[in-house]
Student: 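Sharing a structure with you now.
The analysis underlying the following values was restricted to heavy atoms, covering all of them including side chains, and did not include hydrogens, waters or symmetry mates. For clarity, every value in this text was computed on a predicted model and none was experimentally measured.
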Amino acid sequence: MPKELLGTTIGKLRNKLHRLMKQRYAAEASIKLTVEEFILLTMIRAKTDQILQNIAIATGQNKSVVMRMIDSLEKKGLVKRTVNPEDRRENLLSTTDMGEQVVAEYHKIEKKLSYELLKGIPDEKVEVFFEVVEEISRRTNSL
């Protein structure tokens, strides 16, 4: 049994990674986004024509917080809103060409950081780590 609780250990790692990613994005990206804005942008990109309500539910954020982030992404030219033809009260969200480029740039930054963090750790250990993380993730979905 580990010395620390799983949630505490992963929480500490998450906080360190979040801080490091934030620093790297600020230093290396051409268009500055918060980590949360980047996550939102990738969510919108992954499922085009997202609706605000669905994003708020998926992120666990309230609609006003998500709306402010969407406004910020739209002002930066990374997402666009179009009226939902099936329900004119709703706006559909999708990434712009510039949004696609920014996602690619941020993924490149994260890939470089991942390489730096995993450098020197044997491939077998890295593979086991990701397998364990995936299994824990699956188990959290069933609880």
Student: Group every Ile, Leu, Val, Met, Phe, Trp and Tyr by side-chain heavy-atom contacts under 4.5 Å, then state whether Met21 and Tyr115 land in the same group.
Tutor: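 No, no single cluster joins them.
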Student: Nearest 0.5 Å please: distance from the CD1 atom of Ile31 over to the NZ atom of Lys76.
Tutor: 8.0 Å
Student: How long is the span from the CG atom in Leu17 to the CZ atom in Arg14, to the nearest 0.5 Å?
Tutor: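 It comes to 9.0 Å.
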Student: Can you confirm whether Asn15 is buried at CG, in the sense that more than 12 heavy atoms of other residues, nucleotides or ligands lie under 6.0 Å from that atom?
Tutor: yes
Student: Quick one, Arg19 and Gln23 - any side-chain contact, counting heavy atoms below 4.5 Å?
Tutor: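 Arg19 vs Gln23: side chains touch.
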Student: Applying side chain to side chain contact (heavy atoms under 4.5 Å, CB included) to Asn91 and Asn84, what does each step give before you reach the verdict?
Tutor: CA-CA 5 Å; Asn91 284 313; Asn84 184 349; over 6 Å; no
Student: Check whether Leu41 and Ile39 end up in the same hydrophobic cluster, where Ile, Leu, Val, Met, Phe, Trp and Tyr are linked by side-chain heavy atoms less than 4.5 Å apart.
Tutor: yes
Student: So, Arg138 and Glu135, do they make that salt bridge, N to O below 4.0 Å?
Tutor: yes
Student: Where do Glu37 and Ser72 come nearest, in terms of heavy atoms and distance?
Tutor: OE2-OG, 2.6 Å
Student: What's the shortest heavy-atom distance between Leu92 and Pro85, and which atoms?
Tutor: CD1-CD, 4.1 Å
Student: Assigning hydrophobic clusters by single linkage (Ile, Leu, Val, Met, Phe, Trp, Tyr; side-chain heavy-atom cutoff under 4.5 Å), is Met69 placed with Val35?
Tutor: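 Shared cluster, yes.
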Student: Using 0.5 Å steps for rounding, measure from the CG atom of Leu117 to the CG atom of Leu20.
Tutor: 6.0 Å
Student: Same cluster for Leu73 and Met98 if Ile/Leu/Val/Met/Phe/Trp/Tyr side chains link at under 4.5 Å?
Tutor: yes
Student: Could you tell me whether Asp123 atom CG has more than 12 heavy atoms of other residues or ligands within 6.0 Å of it?
Tutor: no
Student: Just by distance, do the side chain of Lys80 and the backbone of Ser94 share a donor-acceptor pair under 3.5 Å?
Tutor: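 Flag not set: sc Lys80 to bb Ser94 has no pair under 3.5 Å.
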Student: If I take atom CD from residue Glu124 and atom CD from residue Glu127, how far apart are they, to the nearest 0.5 angstrom?
Tutor: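 It is 8.0 Å, given to the nearest 0.5 Å.
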Student: Are any of the side-chain nitrogens in Arg81 or Asp71 under 4.0 Å away from the carboxylate oxygens of its partner?
Tutor: yes
Student: NZ of Lys75: more than 12 outside heavy atoms within 6.0 angstrom?
Tutor: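 For Lys75, atom NZ is not crowded (no more than 12 foreign heavy atoms under 6.0 Å).
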Student: With a 3.5 Å distance limit and no angle check, can you tell me whether Thr96 reaches the backbone of Leu78 through a side-chain donor-acceptor pair?
Tutor: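 Confirmed, Thr96 side chain pairs with Leu78 backbone.
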Student: Hey, could you give me the NE2/OG distance between His107 and Ser114, rounded to the nearest 0.5 Å?
Tutor: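 Taking NE2 in His107 and OG in Ser114, the distance rounds to 10.5 Å.
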Student: With a 4.5 Å cut-off on side-chain heavy atoms, are His18 and Glu36 touching?
Tutor: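 Of all side-chain heavy-atom pairs linking His18 with Glu36, at least one is under 4.5 Å.
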Student: Please report the shortest heavy-atom distance between Leu33 and Tyr106, naming the atom on each side.
Tutor: N-OH, 2.8 Å
Student: If you round to the nearest 0.5 Å, how far is CD1 of Ile44 from CG of Leu93?
Tutor: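 Spacing of CG (Leu93) from CD1 (Ile44) equals 5.0 Å.
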Student: If two hydrophobic side chains count as joined below 4.5 Å and joins carry through other members, does Val132 share a cluster with Ile10?
Tutor: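 Result: yes, single cluster for both.
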Student: Can you see which heavy atom on Phe130 is nearest to which on Leu118, and at what distance?
Tutor: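 Heavy-atom minimum between the residues: CE1-CD1, 4.3 Å.
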